[in-house]
Amino acid sequence: MKIVATIARILMGIVFLVFGLNKFYMFIPSGPLPTGAAGQFMGALMSTHYLMFIGFFEAAGGLMLLFNRYVPLGLTVLGPVIVNVLLIGFLMSPMALPSGILVTLCWFIVFWRVRSAFAGVFQPTGQH
């Protein structure tokens, strides 16, 4: 399981670092915007530069995973990004769904390996 978690961590780190940096440097051609709601959503993200912040968090989380430093923090940073990728896939653009499912599976594999770092999050509060 350790090898599988390491492969998942590195794969996820590469994916988020590359696609995060791509939001700044546009080295992967993207083609035209999709039509409908997905295109409008992407247009709004680009025109407000919100996409740059998403790219920053993707690249930062990817670096944490690649360097194997602060992995729980990297997972925490990337969690909301992955949720949004899944929501876009389910609600607006089904072609984003396979990549979203892949990184979600990788996220859970890596999470399981470092789950002890999240133990405090799952403790009920107000218990004396």
Side-chain angles (χ1 to χ4, degrees):
M1 185 63 174
K2 184 178 180 181
I3 293 172
V4 173
T6 300
I7 292 169
R9 179 181 52 79
I10 292 170
L11 176 64
M12 200 167 41
I14 290 170
V15 165
F16 281 109
L17 178 62
V18 168
F19 286 100
L21 290 176
N22 188 56
K23 289 176 178 60
F24 291 99
Y25 301 112
M26 304 293 181
F27 50 85
I28 300 172
S30 62
L33 286 177
T35 58
Q40 293 172 348
F41 184 68
M42 287 303 295
L45 290 177
M46 291 189 314
S47 68
T48 61
H49 303 288
Y50 193 87
L51 212 53
M52 297 295 213
F53 290 97
I54 296 170
F56 170 78
F57 287 112
E58 287 179 354
L63 282 172
M64 288 182 227
L65 296 180
L66 279 175
F67 286 122
N68 200 23
R69 306 290 290 176
Y70 306 105
V71 171
L73 179 59
L75 292 175
T76 302
V77 167
L78 292 174
V81 175
I82 294 171
V83 167
N84 279 297
V85 170
L86 288 172
L87 287 173
I88 289 169
F90 281 123
L91 301 174
M92 291 184 256
S93 180
M95 82 178 169
L97 206 49
S99 60
I101 291 170
L102 175 67
V103 294
T104 300
L105 291 173
C106 289
W107 189 95
F108 276 108
I109 290 168
V110 177
F111 170 81
W112 189 256
R113 183 88 179 127
V114 298
R115 68 188 179 277
S116 63
F118 293 93
V121 175
F122 297 105
Q123 298 298 316
T125 57
Q127 302 292 324
H128 297 283

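Residue numbers start at 1 and run along the sequence shown. Below, all heavy atoms of this structure are taken into account, side chains as well, without hydrogens, waters or symmetry copies.
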Just wondering, more than 12 heavy atoms not from [X] lying within 6.0 Å of its [atom1]?
{"X": "Phe118", "atom1": "CZ", "answer": "yes"}
{"X": "Met95", "atom1": "CE", "answer": "no"}
{"X": "Tyr70", "atom1": "OH", "answer": "no"}
{"X": "Tyr50", "atom1": "OH", "answer": "no"}

Using the rule that two of Ile, Leu, Val, Met, Phe, Trp, Tyr join whenever any of their side-chain heavy atoms come within less than 4.5 Å, decide whether [X] and [Y] are in one cluster.
{"X": "Leu75", "Y": "Phe122", "answer": "yes"}
{"X": "Phe53", "Y": "Met46", "answer": "no"}
{"X": "Tyr25", "Y": "Leu66", "answer": "yes"}
{"X": "Ile3", "Y": "Ile109", "answer": "no"}
{"X": "Leu11", "Y": "Ile14", "answer": "yes"}

So, do [X] and [Y] sit near enough that their side-chain heavy atoms are less than 4.5 Å apart?
{"X": "Val83", "Y": "Leu86", "value": "no"}
{"X": "Phe57", "Y": "Leu78", "value": "no"}
{"X": "Arg69", "Y": "Leu63", "value": "no"}

How close do [X] and [Y] get, heavy atom to heavy atom, and via which atoms?
{"X": "Ile82", "Y": "Gly100", "answer": "CG2-O, 4.5 Å"}
{"X": "Leu51", "Y": "Lys23", "answer": "O-CD, 3.5 Å"}
{"X": "Pro72", "Y": "Ala117", "answer": "CG-CB, 3.5 Å"}

Inset, instruction - Decide side chain to side chain contact (heavy atoms under 4.5 Å, CB included) for Trp107 and Val81; before the verdict, give the C-alpha distance in whole Å, the side-chain angles of both, and the deciding distance to 0.1 Å. - result: CA-CA 11 Å; Trp107 189 95; Val81 175; over 6 Å; no

Euclidean distance, [Y] [atom2] relative to [X] [atom1], rounded to 0.5 Å:
{"X": "Leu97", "Y": "Leu102", "atom1": "CG", "atom2": "CG", "answer": "11.5 Å"}
{"X": "Phe16", "Y": "Leu21", "atom1": "CZ", "atom2": "CG", "answer": "13.0 Å"}
{"X": "Met92", "Y": "Leu87", "atom1": "CE", "atom2": "CG", "answer": "8.0 Å"}
{"X": "Met1", "Y": "Thr6", "atom1": "CE", "atom2": "OG1", "answer": "10.0 Å"}
{"X": "Phe19", "Y": "Ile54", "atom1": "CZ", "atom2": "CD1", "answer": "14.5 Å"}
{"X": "Met12", "Y": "Met64", "atom1": "CE", "atom2": "CE", "answer": "12.0 Å"}

Inset, instruction - For the pair Asn84 (side chain) and Pro80 (backbone), establish whether a donor and an acceptor sit closer than 3.5 Å, ignoring hydrogens and angles. - result: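 Pair found, side chain donor or acceptor close to backbone of Pro80.
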
Legend entry - Check: Arg113 side chain, Val110 main-chain N or O, donor-acceptor pair, under 3.5 Å: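 Between the backbone of Val110 and the side chain of Arg113 there is no qualifying donor-acceptor contact (under 3.5 Å).
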
Inset, instruction - Kindly assign one of parallel, tilted or perpendicular to the pair Phe111 and Phe108, based on the angle between their ring planes and the thresholds 30° and 60°. - result: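 Ring orientation of Phe111 relative to Phe108: perpendicular.
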
